[in-house]
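Only heavy atoms go into these numbers, but all of them, side chains included; no hydrogens, no water, no symmetry mates.
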Amino acid sequence: MPTFTSDRERRLWFWAAAVVLAICATLGLAGTLAGLLRDRNLLDASFGLGLLVVMAAIVGSGIRRRPGGREFWIAAGVVAVYGIVILRMGIGPEERTHLIEYAVVALLLYHALDERRRNGGPLRSPAVLAIAVTALLGLVDELIQALISSRVFDYRDIGFNALAALMAVTGSVVVGYIAARLGSHYRN
């Protein structure tokens, strides 16, 4: 049995692994990088840019065809809810980065698992599995941080990582579901 069911699945797994490795590779540098960005008053702008990229990924991964006016407004609503939740959490930009990093990981895992399911793989719920695996990766991230003298193990970060996965995958699924329903509405 082949390892991957398609080239797309292989690429998605590759990018998911690359993002996880990048997160792990920067564990010792994250504080320094955040300090540099803060000193140059770029921390909030960097977070905002990252948030826009994640929101575009959520919307883009949920829509399989060219969006119409209704789909655009539904996607905008999902993006607005995602953004409002993140911005109202009352946490600093350093903590919010978890919501960006692990949203990207979750989306890549979800689409890799969904691609496998679409190609006949025995998966019942790629969304739930992607959220669970991302949350587990977030736990491993925090356990590694417990071993690094310049970092701190924080239960809240584990929760942020899981929340990022839940919000990103749910947003993508909702946008995809609504886009598919609107698409079938237009065909009938």
If you look only at distance, which donor and acceptor atoms sit under 3.5 Å apart when one is on a side chain in residues 138-148 and the other is two or more places apart or in another chain?
| unit_1 | atom_1 | unit_2 | atom_2 | d |
| --- | --- | --- | --- | --- |
| Asp141 | OD1 | Gln145 | NE2 | 3.0 |
| Asp141 | OD2 | Tyr102 | OH | 2.8 |
| Glu142 | OE1 | Asp154 | N | 3.0 |
| Glu142 | OE2 | Gln145 | NE2 | 3.0 |
| Gln145 | OE1 | Arg151 | NE | 3.4 |
| Gln145 | OE1 | Arg151 | NH2 | 3.0 |

Donor-acceptor pairs are to be reported for all side-chain atoms of residues 121-129 against protein atoms at under 3.5 Å, with residues two or more places apart or in another chain.
| unit_1 | atom_1 | unit_2 | atom_2 | d |
| --- | --- | --- | --- | --- |
| Ser125 | OG | Val128 | N | 3.4 |

For Phe153, enumerate each residue passing the ring pair (Phe, Tyr, Trp, His ring centres under 6.0 Å) test, keeping only those at least two apart in sequence or located in another chain. Tyr155
Closest non-hydrogen atom pair, Ala103 against Ala164: N-CB, 3.7 Å
Taking Ile158 as the starting point, is it possible to reach Ile100 by hopping between hydrophobic residues whose side chains are less than 4.5 Å apart? no
Rounded at 0.5 Å granularity, tell me how far CZ in Arg118 sits from NE2 in His111. 9.0 Å
Hey, could you give me the CD1/CE distance between Ile131 and Met167, rounded to the nearest 0.5 Å? 11.5 Å
CZ of Arg116 to CH2 of Trp13: how many Å apart, nearest 0.5 Å? 7.0 Å
Under 3.5 Å donor-acceptor, Thr134 side chain and Ala130 backbone: yes
Distance from Leu137 atom CG to Glu101 atom CD, nearest 0.5 Å? 12.0 Å
Can you tell me how far CG of Asp114 sits from CG of Asn119, rounded to the nearest 0.5 angstrom? 9.5 Å
Given side chains that start at C-beta, do those of Tyr110 and Val133 come closer than 4.5 Å, heavy atoms only? no
Option passing side-chain contact (heavy atoms from CB on, under 4.5 Å) with Val105 (candidates Leu107, Leu109, Leu108): Leu109
How many angstroms lie between atom CG of Asp7 and atom CG of Leu12, to the nearest 0.5 angstrom? 11.0 Å
